[in-house]
Amino acid sequence: MTERKQCRLWWPEWLLSSEPSFGFLLFGWFMNAGEDLVVAAAVSLSEISPCLQQSEVQELLRYVNRRMPLPLQESSTFTLLGQCIASCSEGDLKMERQNLDDLSQRNDGQEHCNEPEQSSPSGKAVRSSLGTAFAENYRKSKCGCKKLDQGLELFRQSSTRCGTWIQLIPQTQRIMFKENRWAPKFHHMHISGQWLPICDVHLIAYKPPLFGSHHFSLNSWGFEKEVRAPFNRPNWVARLYKKSLLPDMDSVVLAINCTNAAKVHSERYLSIKGPQIHFRRICMLLSMIWHIVAALVASVSSVVYIILQVFHRSLAYGSQRFFFRFLKEILRHTFQNIHIRSCQLLYWPVFLQTYGFSSSLNMEYSHKASLKKHFIWSNVVVDLLLGNIIGLILFANAKALSFKIMLINRNVTDNLLRSGFAWLMGVPAGFKLNTELAELLGMVSLNAIQAFSTFWFIASSFLKYFINGLSLFGIVMGLTVQAALCIDMLKLATLHISMLHQLISVIYMQQIKAVASLWRLFRGRKWNPLRQRLDSYDYTVEQHVVGSLVFTPLLLLLPTTSVFYIFIAMLSTSISFICIIMEIAISILHETPYFEILLWIMRRRRFPSGLWFQIPALSSAHGSISGGLQHEGHSTFDLSMLMSFDTSGEPGYAVSIVQSNFATLGQVISPYYRNVLQGFSLLFGKSSLHGILMGQRIPLTLGARFHPAFPWMHIGCGEYWKLCYSSVLACRSE
């Protein structure tokens with residue numbers, strides 16, 4: 001008996017719409033030793049020239065295959081899969097099936113020749129049994145294949161002898177649609193010269209991926225394969241490798257994502273044109289408008305480019321002077337965000353350029369390249385929009401806002417700082433402190449507060465102008481630069497608190513270290529800095545006496561220093577926390593993928609996260625199909641279940657529709673916020689708490705590296721205008 005084969009036929013949904021009146025050729029890929037047949041294009045025989053030669057068919061396949069991505073070329077080759085004959089009656093199908101079974105039993109599974117039938121009694125008997133439709137419309141070979149014209153027939157004979165060739169027949173069925181749709185039914189297959197009339201087929205209908213619509217992916221969204229170091233695997237891992245593995249579905253999904261490109265190239269090579277509406281004048285008008293828009297955008301961008309280059313050269317000229325270095329250190333966050341915004345304004349045409357030839361073939365690569373392409377300009381637009389909104393609000397309420405800031409400063413200085421240090425110089429919360437040390441620390445702190453109050457009284461007259469400048473920064477450069485300037489100004493306004501915290505923390509830290517060192521002296525231990533451990537040590541009597549004399553006053557003065565340190569550390573930590581929250585907001589504004597969020601809301605199919613199969617109830621116009629897998633509802637991606645056919649004489653037939661799971665909004669944006677949240681968790685971890693208790697200070701910044709960080713651009717103004725112009729024109733194809 002002939003070997004029974006199981007295969008999956010990946011069939012595009014657009015072929016299910018209308019039953020073909022003419023036969024057509026199937027183009028696609030054979031994968032996984034013929035277990036997966038991916039149909040990419042179907043060309044009607046009526047649209048193909050009858051003079052097509054075999055060399056032209058092979059050149060077509062090479063032409064399309066050279067334009068496929070390299071991973072797909074390595075896994076499989078684009079080829080002519082076979083043909084699907086035109087519709088016929090049910091009686092003809094049964095009569096042909098019976099005669100083909102007789103031929104299969106007569107030849108006992110041997111290879112059939114592909115020569116046309118001769119005028120023999122047996123040939124006439126077979127031909128007469130095929131029915132009127134087949135006898136009049138089709139020329140058959142002995143294996144049952146429909147003969148083609150000239151070059152295509154030579155290619156078919158070559159494929160049936162040493163390659164793979166399939167023949168399908170249409171049959172009307174109801175598959176998850178209100179109206180009847182036709183679906184291909186397996187007729188027979190040739191594999192390496194073997195003729196297989198019985199084959200278990202799993203028909204998987206898929207919607208061909210299109211740019212801007214959807215694509216398929218086996219992995220979860222944002223999944224990246226990690227490279228791990230080799231290690232000794234246990235025996236049970238070796239036993240797992242001996243088990244039969246699932247077929248290479250990555251190559252199948254890659255082929256499906258490239259079906260549209262293969263279809264377009266095939267039809268272009270064969271000069272097949274679909275129905276088109278002739279509107280040349282409208283297209284010419286739209287093209288002219290697009291060129292005008294591109295020229296205007298390029299001109300505006302060139303003006304911005306010249307302004308940024310002038311400012312950059314001016315700053316580079318004065319970068320060696322002390323005043324500029326001092327100003328850059330004070331306004332560090334502002335300069336950093338201005339550099340980022342300037343680079344974003346300079347590099348936007350670079351990111352709008354195409355990402356290469358391979359990205360236009362695979363829809364998955366095209367969609368991911370499109371997301372990267374539109375990341376920068378979407379961030380700039382949203383940032384400038386928010387900056388204009390906040391800037392206009394600040395500009396309209398500059399006088400009232402300056403009055404509130406002065407009121408807040410007066411309350412903090414009088415009710416919090418002065419009152420707090422005066423309270424610490426007395427008996428705070430009933431604690432008896434060292435009077436002399438408390439008065440010394442209190443007077444130093446009050447003098448620093450008084451000096452800063454005088455400075456603030458002089459600077460308050462310029463506060464309104466500063467708010468107007470801040471609003472102008474937001475309108476021109478965006479909300480991130482505006483927030484960065486607020487961070488720097490807050491640090492400058494609380495400089496006296498930072499200086500007091502630095503002074504008292506040094507005293508507190510040295511006192512803590514001295515007490516801990518003297519305590520180790522009494523225990524007979526010594527810290528070994530090389531080995532990072534405590535070692536035993538024999539101290540002399542003189543060392544113990546001096547240690548006792550020093551340990552007592554340090555221990556008695558420690559509560560006074562600790563009270564002042566805790567108070568000033570609370571103020572400094574609050575300021576650091578406000579600055580860090582503002583920096584996190586800046587990082588979120590820089591890293592948020594606004595274009596992806598908008599696209600996720602409008603077209604969630606652009607974010608696939610795994611596959612699943614919808615298995616409909618399959619029924620035929622002439623009755624149910626025996627041996628089929630019938631199930632309503634959803635199914636997970638389990639290939640063993642999908643290919644569980646019976647082993648009877650009738651061929652198995654299962655139908656399913658491949659669907660995609662969609663990524664959630666958290667899965668889309670979480671990779672962008674990973675670095676920001678990681679830095680925030682490290683800053684407020686156990687090590688930071690231990691550092692505060694030991695006298696260390698919480699940093700005023702996260703030290704986050706914003707994305708993107710580019711070097712400064714140095715090209716001519718004319719070249720930059722051409723770059724912007726071509727970038728805007730490149731967006732027209734999308």
Side-chain angles (χ1 to χ4, degrees), residues 308 311-312 314-316 318-319 321-344 383-384 386-388 390-391 393-395 398 401-402 404-406 408-409 412-413 448 451-453 455-502 571-591 676 679-680 683 697-706 709:
L308 292 177
F311 274 100
H312 178 74
S314 301
L315 294 177
S319 60
R321 299 184 180 182
F322 172 77
F323 175 76
F324 179 81
R325 291 195 301 244
F326 178 73
L327 185 64
K328 189 175 181 179
E329 184 63 27
I330 293 178
L331 304 177
R332 183 166 58 89
H333 289 84
T334 305
F335 274 83
Q336 181 184 9
N337 283 272
I338 288 177
H339 177 77
I340 293 174
R341 179 48 38 80
S342 301
C343 289
Q344 288 176 341
D383 197 359
L384 289 175
L386 295 176
N388 279 267
I390 301 299
I393 293 175
L394 292 178
F395 187 79
L401 189 60
S402 61
K404 290 183 179 180
I405 292 176
M406 293 175 60
I408 292 174
N409 173 69
V412 171
T413 302
F452 183 80
S453 298
F455 169 75
W456 181 258
F457 178 77
I458 298 174
S460 60
S461 58
F462 302 96
L463 185 59
K464 181 180 178 181
Y465 302 101
F466 168 75
I467 296 176
N468 291 333
L470 183 65
S471 62
L472 183 62
F473 258 92
I475 294 173
V476 176
M477 302 299 292
L479 183 59
T480 53
V481 178
Q482 197 176 40
L485 184 59
C486 290
I487 293 177
D488 293 330
M489 289 297 103
L490 180 60
K491 291 166 58 178
L492 184 62
T494 58
L495 184 61
H496 59 301
I497 297 178
S498 301
M499 295 175 60
L500 289 176
H501 180 263
Q502 189 71 21
L571 296 176
S572 181
T573 304
S574 301
I575 297 171
S576 300
F577 185 76
I578 294 174
C579 293
I580 289 172
I581 291 298
M582 295 178 68
E583 187 175 353
I584 290 176
I586 293 174
S587 302
I588 291 175
L589 289 174
H590 277 301
E591 299 294 334
V676 178
F680 185 78
L683 189 62
R697 183 182 180 184
I698 291 182
L700 291 174
T701 177
L702 284 174
R705 296 181 179 180
F706 300 114

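Position 1 is the first residue of the sequence; numbering continues from there. Quick caveat: nothing in here was measured; it's all calculated off a predicted structure.
- For the residue pair Leu492 and Phe452, the shortest heavy atom distance occurs at O-CE1, 4.2 Å.
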_Steps toward side chain to side chain contact (heavy atoms under 4.5 Å, CB included) verdict (His312, His339)_ = CA-CA 9 Å; His312 178 74; His339 177 77; 5.9 Å; no
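- With sequence neighbours excluded, the residues satisfying side-chain contact (heavy atoms from CB on, under 4.5 Å) with Leu308 are Val304, Ser342, Leu345, Leu346, Trp712.
- To the nearest 0.5 Å, atom CG of residue Leu490 and atom CG of residue Leu495 are 11.5 Å apart.
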*Yes or no on side chain to side chain contact (heavy atoms under 4.5 Å, CB included) for Ile330 and Lys491, after CA distance, side-chain angles and deciding distance?*
CA-CA 8 Å; Ile330 293 178; Lys491 291 166 58 178; over 6 Å; no
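- Taking the side chain as every heavy atom from C-beta outward, Gln344 and His590 approach each other to under 4.5 Å.
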_Run the side chain to side chain contact (heavy atoms under 4.5 Å, CB included) test on His496 and His501 for me, step by step, so that the C-alpha distance in whole Å, both residues' side-chain angles and the decisive distance to 0.1 Å come before the verdict._
CA-CA 9 Å; His496 59 301; His501 180 263; over 6 Å; no
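- Although no hydrogens or angles enter the test, the distance criterion places no donor-acceptor pair under 3.5 Å between the side chain of Asn337 and the main chain of Ala484.
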*Trace of the side chain to side chain contact (heavy atoms under 4.5 Å, CB included) decision for Glu583 with Cys579*: CA-CA 6 Å; Glu583 187 175 353; Cys579 293; over 6 Å; no
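- Note that the CG atom of Leu589 and the OG1 atom of Thr480 stand 6.5 Å from one another [nearest 0.5 Å].
- In Phe395, the CZ atom is not crowded: 12 or fewer heavy atoms of neighbouring residues, nucleotides or ligands sit closer than 6.0 Å.
- Considering every non-hydrogen atom in both Ser453 and Thr413, the closest pair reads OG-CG2, 3.3 Å.
- Closest of all the heavy-atom pairs between Met582 and Cys486 is CE-CB, 3.4 Å.
- Side chain of Asp383 to main chain of Gly478: no donor-acceptor pair is present (N/O by atom type, distance under 3.5 Å, no hydrogens or angles).
- Between Ala448 and Leu500, the shortest heavy-atom contact is CB-CD2, 4.1 Å.
- Put simply, CG on Leu485 and CG on Leu331 are 6.5 Å apart, with the number rounded to the nearest 0.5 Å.
- Within the model, atoms CG of Leu394 and CD1 of Ile475 stand 9.0 Å from one another, a figure rounded to the nearest 0.5 Å.
- Rounding to the nearest 0.5 angstrom, the gap separating the CD atom in Glu591 from the CD1 atom in Ile584 is 13.0 Å.
- The two residues Gln482 and Gly387 have their closest heavy-atom pair at OE1-O, 4.3 Å.
- Between Met477 and the choices Thr334, Ile338, Ile340, the side-chain contact (heavy atoms from CB on, under 4.5 Å) rule is met once, by Ile338.
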List the atom pairs, with distances to 0.1 Å, where a side-chain N or O of residues 461-473 and a protein N or O form a donor-acceptor pair under 3.5 Å, not counting sequence neighbours.
from: Ser461; atom 1: OG; to: Ile458; atom 2: O; distance (Å): 3.0
from: Asn468; atom 1: ND2; to: Lys464; atom 2: O; distance (Å): 3.3
from: Ser471; atom 1: OG; to: Ile467; atom 2: O; distance (Å): 3.4
from: Ser471; atom 1: OG; to: Asn468; atom 2: O; distance (Å): 2.6

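- Looking at every heavy atom in both residues, Leu384 comes nearest to Asn388 through O-ND2, 2.5 Å.
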